[in-house]
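Numbers restart at 1 for each chain; the letters A, B, ... are given by sequence-line order, proteins then strands.
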Amino acid sequence: MKASAYHLSTTRETPADAEIASHQLMIRSGMIRKLTAGIYTWSPLGLRVLRKVEDIVREEMNRAGYLEMLMPAVQPAELWQESGRWELFGGQLLKIRDRAGRDYCFGPTHEEVMTDFVRNEIRSYKQLPVTFYQIQTKFRDEIRPRFGVMRAREFLMKDAYSFHIDQASLEQTFWEMHGVYSRIFERSGLRFRAVEADSGAIGGNRSIEFHVLADSGEDQIAFSTGSDYAANVELCRLAPPDGERPAPAEELRTVDTPGVRTIDELVTQFDIPVERTVKTLLVQGDEGLVALLVRGDHELNPAKAEKLPGVASPLTFADDAAIRAAAGAGPGSLGPVGLDLPLVVDHAVAVMADFAAGANQDDQHLFGINFGRDLPEPQAADLRNACNGDPSPDGQGTLELARGIEVGHIFQLGTKYSESMNAVVLGEDGKSHVMPMGCYGIGVSRIVAAAIEQNHDEHGIVWPAPLAPFTLALLPMNAKKSPRVQEATEALYRDLLAAGVEVLCDDRNLRPGVMFNDMELIGIPHRVVVGERGLDAGTLEYRARGAEANEELPLDGAVAAILEKIGRA
RNA sequence: CGGGGUAUAGCUCAGCCUGGUAGAGCGCGUCGUUCGGGACGACGAGGUCGCAGGUUCAAGUCCUGCUACCCCGACCA
């Protein structure tokens with residue numbers, strides 16, 4: 001491709017509304033342009049990358065024998081009413097109406113359409129198992145789209161659905177898909193982890209997320225140093241700590257703590273270890289409020305809390321007025337002693353002695369609190385998020401935390417949709433069987449953003465080779481004035497194209513610095529410079545993106561030398 | 001959807017408090033000098049100041065309403 005005939009549109013300035021590196025770089029390199037909130041146009045340059053991802057996904061899915069198809073983006077309301085999701089999906093579902101007043105939605109996912117297709121097409125167990133997939137634009141009316149295509153309302157997704165005669169077959173495909181996904185992310189050149197996203201409590205259903213590791217990721221994942229165990233922090237189970245609760249050693253006493261509102265302030269002003277403080281959180285229960293206790297340095301895990309019997313789901317924190325009415329003090333001075341509410345404590349709190357908490361009096365705290373003396377024996381549960389250094393739930397090693405961007409999710413759905421939509425098949429026994437089902441998603445457009453998030457430096461994007469829009473940038477120095485440079489560049493360009501190299505030849509007649517900066521911003525992995533100096537010496541100049549220094553390549557046999565550099569030899 | 005903010009040239013923003021000729025930098029066009037890490041000069045194009053009302057002799061500036069976008073919270077590929 002000649003740059004003069006390609007729509008390159010880079011900017012020096014960072015757009016004001018882009019917060020994270022990948023969003024800024026996608027805008028600055030000209031890959032995407034915002035049309036409206038959460039909706040983006042992909043430029044020719046951006047689309048090249050998107051297609052690279054798509055191609056890898058498609059190749060690996062096909063290799064595994066899964067069947068590509070294409071379902072409609074616009075779906076009739078009836079199907080969604082049948083599955084019960086027309087209401088359940090809530091505001092995220094973009095509903096539309098045609099001129100006759102019929103209701104439709106723009107598909108946010110395709111379980112309904114897929115299940116409808118399969119119930120009409122598949123009659124016999126002999127046709128099972130089968131897995132269909134598509135790569136298609138989805139729309140989810142996110143409450144808060146952000147970070148460019150990372151969390152867009154319209155996005156490109158690969159969604160796959162498998163159908164089975166029994167659970168065993170579903171599990172086989174599920175783990176096979178696990179392998180396919182791993183290969184897809186490996187081939188894309190991304191550092192990733194597969195993490196458990198469900199406790200496995202509900203009827204053998206399992207769900208595994210694939211996360212690209214990046215500090216700016218919105219999810220926290222925990223993984224064991226001593227085993228393969230990895231889980232989303234939200235769902236990472238924590239066992240009660242070993243060891244007995246120490247006997248009380250201190251008297252219960254009330255301390256004036258003027259102005260202290262947070263655990264931090266309590267710890268620094270009164271010189272007590274944070275491990276001997278307790279946070280008291282009031283949430284809505286089925287009847288009135290419920291008090292939840294976690295250690296001062298721990299964080300309440302909402303997903304775990306809302307699953308407790310007696311606690312309302314979704315988890316709702318009490319507002320200041322309700323807190324004051326129930327406890328007689330503001331949120332900064334809450335504590336369990338003398339609080340007339342149902343109480344659930346985290347396992348880590350249950351083994352504490354002589355700890356500090358609010359006194360339910362503004363500007364006062366209690367020190368030296370003990371269970372069994374100042375409070376009844378606690379009802380303990382797993383309530384908090386995992387921390388660095390917690391023992392791994394599988395008993396091997398300790399947990400480490402990392403941030404991740406969820407780019408894939410595989411799920412054993414079971415019969416949730418096949419049952420409500422009556423997707424049945426005749427079994428070997430001659431009877432009808434409801435088909436267990438799996439569903440498997442990859443955020444194709446999100447992968448592009450995640451790859452940048454994981455691979456960039458102060459100059460711009462540093463594409464993993466498999467995703468790069470072009471493999472090589474060919475840069476002539478001062479070509480306008482030098483017919484030799486022009487001719488040598490043109491000849492090399494033709495030879496590289498003939499050798500099948502995706503080369504971007506910058507014939508825009510710009511100053512060298514501008515070309516270097518543009519090509520680095522765009523993130524092209526390899527660059528070759530043609531200049532008078534080199535031609536005199538019979539050399540070309542080569543540099544890999546991210547490398548510190550130039551190398552010289554012989555002008556004679558340049559194509560072979562370049563192929564070796566780009567790993568195509 | 002709750003809370004906070006912004007809206008002026010293609011982009012980043014000043015001007016608004018204290019009403020009186022529409023501004024800068026970058027980008028874009030032409031010409032010249034330059035040309036190995038985002039050059040310099042000259043000239044030039046480009047704006048219903050988000051929209052609708054109101055106050056005023058006069059509104060980008062003051063008032064009211066609306067809309068869009070951004071940020072902070074619960075969902076997800």
Is it the case that the base of B:G36 and the side chain of A:R543 share a donor-acceptor contact (distance under 3.5 Å, atom types as modelled)?
no
Before we go on, tell me: are the rings of A:Y417 and A:F163 under 6.0 Å apart, centre to centre?
no
If you measure from the C1' atom in B:C69 to the same atom in B:C62, how many Å do you get, rounded?
25 Å
Which value, in whole Å, describes the distance between the C1' atoms of nucleotides B:C35 and B:G20?
49 Å
By the 4.0 Å heavy-atom rule, please label A:K138 as base, sugar-phosphate, or nothing.
nothing
When both hydrogen-bonding distances must be under 3.5 Å and the geometry is Watson-Crick or G-U wobble, what is B:G36 paired with, if anything?
none
Hey, could you give me each pair passing side-chain hydrogen bond (donor to acceptor under 3.5 Å, both in side chains) that has a residue in residues 466-481 of chain A? Not counting sequence neighbours.
none
For A:E406 and A:H409, test the side chains for any donor-to-acceptor distance below 3.5 angstrom and give the result as yes or no.
yes
What about A:F132 and A:F117, are their ring centers closer than 6.0 Å?
yes
Parallel, tilted or perpendicular: which fits the ring planes of A:F192 and A:F185, with parallel below 30° and perpendicular above 60°?
tilted
Please give the distance between the P atoms of B:A9 and B:A24 as a whole number of Å.
13 Å
Pi stacking test for A:F516 and B:G36: under 5.5 Å apart, planes under 30°:
no
Mapping A:I143 and A:G531 to their closest nucleotides on RNA chain B, which lands nearer the 5' end?
A:G531
Tell me whether the count of non-hydrogen atoms from other residues, nucleotides or ligands lying under 6.0 Å of CD in A:E552 goes above 12.
no
Pairwise P distance, B:G53 and B:G44 [rounded to whole Å]
37 Å
For the base of B:G25, is there a side-chain donor-acceptor partner from A:E13 under 3.5 Å away?
yes
Ring centroids only, cut at 6.0 angstrom: are A:Y181 and A:F210 within range, meaning strictly under it?
yes
Respond yes when some side-chain nitrogen or oxygen of A:R153 is under 4.0 Å from OP1 or OP2 of B:A77, and no when none is.
no
Mind checking who B:G23 pairs with, Watson-Crick or G-U wobble, both distances under 3.5 Å?
B:C13
Using a 4.0 Å heavy-atom cut-off, does A:A450 contact any base of the nucleic acid, only the sugar-phosphate backbone, or nothing at all?
nothing
Check: B:C75 base within 3.5 Å donor-acceptor of A:R151 side chain
yes
Taking atom P in both B:A42 and B:G27, what distance in whole Å separates the two?
15 Å
In residues 485-492 of chain A, what donor-acceptor pairs under 3.5 Å come from side-chain atoms, sequence neighbours left out?
residue, atom, partner, partner atom, Å
A:Q486, NE2, A:A479, O, 2.9
A:T489, OG1, A:V485, O, 2.7
A:E490, OE1, A:K2, NZ, 3.2

May I ask you to say what A:E19 touches in the nucleic acid, namely base, sugar-phosphate or nothing, with a heavy-atom cut-off under 4.0 Å?
sugar-phosphate
The nucleotide from B:A39, B:G36, B:G37 with an atom nearest the side chain of A:V514 is B:A39
Sugar-phosphate, base or nothing in reach of A:R527, heavy atoms under 4.0 Å:
base
Under 4.0 Å, heavy atoms only, any strand: does A:D518 hit a base, just the sugar-phosphate, or nothing?
base
Suppose you measure atom P in B:G50 against the same atom in B:C13; what distance do you get, rounded to whole Å?
15 Å
Name the closest nucleotide to the A:R140 side chain, picking from B:C70, B:C72, B:A77.
B:A77
The side chain of A:N550 lies closest to which of these nucleotides: B:C35, B:G36, B:A68?
B:G36
Minimum-distance nucleotide to A:N517 side chain [options: B:G37, B:C35, B:G36]
B:G37
Using a 4.0 Å heavy-atom cut-off across all strands, classify A:D141 as base, sugar-phosphate, or nothing.
nothing
Given B:A39, B:C69, B:G36, identify the nucleotide with an atom nearest to the side chain of A:A37.
B:C69
So A:R28, base contact, sugar-phosphate only, or nothing? Heavy-atom distance under 4.0 Å.
base
Could you check whether A:V444 gets within reach of a base, just the sugar-phosphate, or nothing at all, counting any heavy atom under 4.0 Å?
nothing
Comparing A:V149 with A:P145, nearest RNA chain B nucleotide closer to 5' gives the residue A:P145
Touch check for A:T109, heavy atoms < 4.0 angstrom, all strands: base, sugar-phosphate only, or nothing?
nothing
Given the P atoms of B:U33 and B:G10, what is the spacing between them in whole Å?
32 Å
Let's see if you can work this out: which of B:C69, B:C72, B:A77 has an atom nearest to the side-chain heavy atoms of A:K34?
B:C69
Span that lies between the P atom of B:C26 and that of B:A68, in whole angstrom:
35 Å
Check if the side chain of A:R144 and the base of B:C1 share a donor-acceptor pair of N or O atoms closer than 3.5 Å.
no
On the side chain of A:E520, is there an atom forming a donor-acceptor pair with the base of B:G37 - under 3.5 Å, no angle test?
yes
